[in-house]
Amino acid sequence: MRLSQGFFPTVKEVPADAVIPSHQLMIRAGLMRQLAAGIFSFLPFGYNVMKKVMQIIREEMDAIGGQEFHLPALNPIELWEETDRVKAFGDIMFHVKNRPMVLAPTHEEVITAIAKNHIKSYNQMPQIWYQIQTKFRNEPRPKSGVLRGRQFTMKDSYSMDSSWEGLDKSYDLHAEAYKKIYTRCGLSFYIVGASSGAMGGSGSQEFMVESNAGEDNLAVCEESGYAANVEIATSLVPSAERYSLSEPLKEVHTPNCKSIDEVAAFLKLPTNRCAKSLIFMNGEQPVLVLMLGNNQLNESKLQKVFGADIRPAHPEELIELTGADAGSIGPVGLNNKFHIVADNRLKDANGLVCGANKNDFHLLNLDMQRDVKIEAFYDFRTVEEGETSPDGKGKLRIVKGIEVGHIFKLGTKYSDSMKAMFLDEKGEEHPIIMGSYGIGVERIIACHIEQHHDENGIKWQKALAPYDVHLISVNMNSPEVVAKADELYKLLPQQGISVLYDDRSGVTAGFKFKDADLLGMPLQIIVGEKNLKNNLIELKDRNSGDRKTVPVENAVEEIVAFVKN
RNA sequence: CGGGGUGUGGCUCAGCCCGGUUAGAGCGCUUGGUUCGGGACCAAGAGGCCGGAGGUUCGAAUCCUCUCACCCCGACCA
């Protein structure tokens with residue numbers, strides 16, 4: 001493509017609305033333009049990249065036996081009522097005003113509807129069905145360019161198996177395919193254990209790219225390779241000590257001590273001799289959760305035990321239920337009213353401080369065995385930076401990550417509710433066992449740029465580069481330069497190399513170099529007067545910044561060698 | 001949905017507090033000329049009812065009310 005003829009709206013200034021590098025560069029390099037919050041038009045340059053990403057995904061999906069579908073985005077709302085997801089999605093789903101239709105935020109229902117009509121026997125499975133299409137979600141707050149949009153492209157695939165072993169196999173095939181996809185896309189990534197959330201199912205993993213622009217927190221350990229979303233991450237931390245002597249409970253006045261830090265300082269005790277009480281409402285049932293010291297309660301872990309509807313109690317409820325405000329609440333004497341559970345670190349501990357259920361008073365010498373009946377101990381902690389990895393092989397780092405893929409073992413959630421049944425060898429009917437696997441296409445592009453850029457622009461890795469090389473004719477007034485550049489522009493495609501050719505006249509050399517760095521093709525081929533007089537052509541590697549000159553007659557060969565590696 | 005911020009030529013912004021010529025700058029764009037290896041220079045141009053509605057005032061980009069849009073933090077996130 002000749003730059004003089006193509007549509008390449010590059011911009012020098014940093015767009016005011018863009019905060020993260022990938023967003024800024026996707027605008028500046030002319031990959032896309034914003035139409036409305038969370039809605040983007042992809043321009044030819046950007047769509048070129050998107051097609052490369054989709055092609056890689058297709059190849060790897062096809063390699064594990066996937067079959068590509070093209071499915072409707074407009075869905076009858078009744079379909080979503082069958083699985084009760086109109087309610088589950090709530091305001092996230094776009095509703096069509098003049099028809100009982102919705103815009104699909106994902107495609108489990110459509111796929112299951114097809115399976116229900118056509119998959120009747122265990123003989124017809126396994127199946128892997130996928131699509132790469134636009135999804136619609138009414139995000140409350142679109143942000144970070146393409147990272148959280150209201151309309152975006154997603155590859156999602158669905159596996160259908162007749163056995164749980166089959167599901168495991170389909171799931172593993174996807175995990176392997178995903179590793180290949182992200183690796184080919186030039187991303188370094190973590191595979192983390194994840195909370196399966198409201199999707200349900202028995203297992204789930206996320207593919208995460210480390211980035212400050214990320215919305216998820218990850219606990220990772222370089223030494224052992226452990227990586228998990230902090231929603232479920234664990235670490236090795238010692239339990240609170242049990243003293244041999246258990247002193248009797250004693251009430252003490254602790255004026256104006258609200259936080260654990262204040263109580264510990266006032267009583268001259270370490271914070272990890274304090275038991276913090278947190279009150280939640282599980283429907284009408286109050287729940288008291290005990291945590292050690294300043295340990296942060298992990299609400300995902302709490303929800304896993306009690307369900308998603310559990311919520312923190314309101315201040316009025318606290319005083320009504322315990323007789324004290326937050327900060328002076330403790331478990332002693334509340335067993336008849338509350339479900340009382342505790343974090344593992346408190347198991348069997350004694351000599352602890354807790355609230356006395358009387359404002360400005362605490363109890364000393366709480367013994368978890370003697371003074372309170374704990375229904376169960378769970379891991380409720382949020383792990384912290386520097387703690388030991390659960391495998392004991394190193395320290396955890398907490399990093400931010402962008403989710404670029406998520407794989408789920410769905411099980412029979414959708415086949416049950418939609419009655420997608422098959423007959424097994426014995427003629428018995430069972431629901432199809434399903435998996436669901438998603439990849440965000442635009443997110444791959446944004447992450448690629450987050451990981452491969454500098455102050456001058458994008459540094460495309462070969463697999464995603466919209467063109468293999470960027471050919472620059474430095475001076476269009478020089479007939480020799482133009483002739484040589486034109487010749488390369490003709491020859492290189494014959495070697496299977498795609499060329500972006502800056503043949504603009506009336507643009508200075510510096511301007512062309514800046515644009516080339518911004519646009520970021522892996523190799524720049526610079527044809528200029530001085531070098532050409534010495535029968536030389538300059539090659540610049542955008543990633544390393546290395547430049548070298550090669551004799552004209554070797555140019556094509558060198559370029560081919562670079563591109564094909 | 002809570003909190004904060006911003007809307008002024010295509011882009012980045014100044015002007016607004018403290019109302020008062022014809023609303024500015026840089027970049028980009030058009031024309032002519034000079035340049036031609038790191039976002040050139042000279043000259044001449046085009047381009048704006050200052051997000052929208054209402055109000056206060058002799059007079060509003062500027063003050064007041066409402067509204068819309070976009071960005072950021074939080075909540076939310078299959």
Novice: Could you tell me how far apart A:Leu35 (CG) and B:C70 (C1') are, to the nearest whole angstrom?
Specialist: 13 Å
Novice: Once you round it to whole Å, what is the distance between C1' of B:C70 and NE2 of A:His23?
Specialist: 11 Å
Novice: When you compare B:U57 with B:C13, how far apart are their C1' atoms, in angstrom units rounded to a whole number?
Specialist: 30 Å
Novice: From the set B:C70, B:C27, B:A75, return the single nucleotide nearest to any side-chain atom of A:Ala36.
Specialist: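 Shortest atom-to-atom distance from the side chain points to B:C70.
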Novice: Could you tell me whether A:Arg311 and A:Glu317 make a salt bridge, using a distance below 4.0 angstrom between a side-chain N and a carboxylate O?
Specialist: yes
Novice: When the P atoms of B:A14 and B:G26 are considered, how many whole Å apart are they?
Specialist: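 Looking at atom P only, B:A14 and B:G26 are 16 Å apart.
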Novice: Please determine, for the side chain of A:Gln34, which listed nucleotide (B:A75, B:C77, B:C70) has the closest atom?
Specialist: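 Selected nucleotide (nearest to the side chain): B:C70.
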Novice: Output the residues of residues 506-515 of chain A in contact with RNA chain B, where contact means a heavy atom of the residue under 4.0 Å from an atom of the strand; sort by number or write none.
Specialist: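 Residues of residues 506-515 of chain A that come under 4.0 Å of RNA chain B are, in numerical order, A:Thr508, A:Ala509, A:Gly510, A:Phe511, A:Phe513, A:Lys514, A:Asp515.
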Novice: Would you mind telling me which residue lines up with the more 5' stretch of RNA chain B, A:Arg150 or A:Asn456, judged by nearest nucleotide?
Specialist: A:Asn456
Novice: Using the salt bridge (Lys or Arg N to Asp or Glu O under 4.0 Å) criterion, which residues pair with A:Asp172? Sequence neighbours excluded.
Specialist: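 A:Asp172 satisfies salt bridge (Lys or Arg N to Asp or Glu O under 4.0 Å) with no other residue.
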Novice: How many Å lie between CD on A:Gln303 and P on B:A75, as a whole number?
Specialist: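 It is 13 Å, rounded to the nearest whole Å.
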Novice: Using Watson-Crick or G-U wobble geometry with both distances below 3.5 Å, tell me the partner of B:G37, or none.
Specialist: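 No nucleotide pairs with B:G37.
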Novice: Is a salt bridge present between A:Lys301 and A:Asp379, judged by a nitrogen-to-oxygen distance below 4.0 Å?
Specialist: yes
Novice: Select one nucleotide: of B:G37, B:C73, B:G38, the one nearest the side-chain heavy atoms of A:Lys143.
Specialist: B:C73
Novice: Rounding to a whole Å, what distance do you find between A:Phe8:CZ and B:G28:P?
Specialist: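 It works out to 20 Å between those atoms.
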Novice: With sequence neighbours left out, what residues match A:His107 under ring-ring contact (aromatic ring centres under 6.0 Å, His included)?
Specialist: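 Here no residue qualifies.
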Novice: Return the set of residues passing side chain to side chain contact (heavy atoms under 4.5 Å, CB included) with A:Glu109 (not counting sequence neighbours), or none when no residue passes.
Specialist: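 Residues passing side chain to side chain contact (heavy atoms under 4.5 Å, CB included) with A:Glu109: A:Leu79, A:Trp80, A:Thr83, A:Arg85, A:Tyr414, A:Met418.
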Novice: Figure out the CG/C1' separation between A:Leu519 and B:G39, and round it to whole Å.
Specialist: 13 Å
Novice: If you assign A:Lys12 and A:Met154 each to the RNA chain B nucleotide with the nearest heavy atom, which residue ends up on the more 5' nucleotide?
Specialist: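 That would be A:Lys12.
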Novice: On the side chain of A:Arg148, is there an atom forming a donor-acceptor pair with the base of B:C77 - under 3.5 Å, no angle test?
Specialist: yes
Novice: Do the side chain of A:Glu538 and the base of B:G37 come within less than 3.5 angstrom through a donor-acceptor pair of N or O atoms?
Specialist: yes
Novice: Provide the distance between the two C1' atoms, one in B:A75 and one in B:G38, to the nearest whole Å.
Specialist: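 Approximately 47 Å lies between the C1' atom of B:A75 and that of B:G38.
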Novice: Who pairs with A:Lys548 by side chain to side chain donor-acceptor pair (under 3.5 Å), at least two apart in sequence or on another chain?
Specialist: A:Glu558
Novice: My understanding is that only residues two or more places apart in sequence, or in another chain, count here; which of them pass side chain to side chain contact (heavy atoms under 4.5 Å, CB included) with A:Ala115?
Specialist: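 By the side chain to side chain contact (heavy atoms under 4.5 Å, CB included) rule, A:Ala115 matches A:Ile119, A:Trp129, A:Met160, A:Ile432.
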Novice: Of the nucleotides B:C73, B:G37, B:G39, which has the atom closest to the A:Arg141 side chain?
Specialist: B:C73
Novice: Excluding sequence neighbours, so at least two apart, what forms side chain to side chain contact (heavy atoms under 4.5 Å, CB included) with A:Gln34?
Specialist: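 Partners of A:Gln34 under the side chain to side chain contact (heavy atoms under 4.5 Å, CB included) test: A:His23, A:Phe40.
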Novice: Between B:C73, B:G38, B:C70, which one does the side chain of A:Ala37 approach most closely?
Specialist: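 Nearest to the side-chain atoms of A:Ala37, counting from C-beta on, is B:C70.
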Novice: Report the base-pairing partner of B:C70 (Watson-Crick or G-U wobble, both distances below 3.5 angstrom), or none.
Specialist: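 The answer is B:G5, by the H-bond criterion.
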Novice: Would A:Val469 and A:Phe562 count as a side-chain contact (heavy atoms from CB on, under 4.5 Å) here? Give the steps.
Specialist: CA-CA 10 Å; A:Val469 298; A:Phe562 179 95; 5.8 Å; no
Novice: Scan nucleotides 8-16 of chain B against the protein and return all N/O pairs shorter than 3.5 Å with their distances rounded to 0.1 Å.
Specialist:
unit_1	atom_1	unit_2	atom_2	d
B:U12	OP1	A:Ala16	N	3.1

Novice: Side chain to side chain donor-acceptor pair (under 3.5 Å) with A:Glu81: which residues, sequence neighbours excluded?
Specialist: none
Novice: Compare the minimum distances between each of B:C70, B:G37, B:C77 and the side chain of A:Arg547, then state the nucleotide with the smallest one.
Specialist: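 So the side chain of A:Arg547 is nearest to B:G37.
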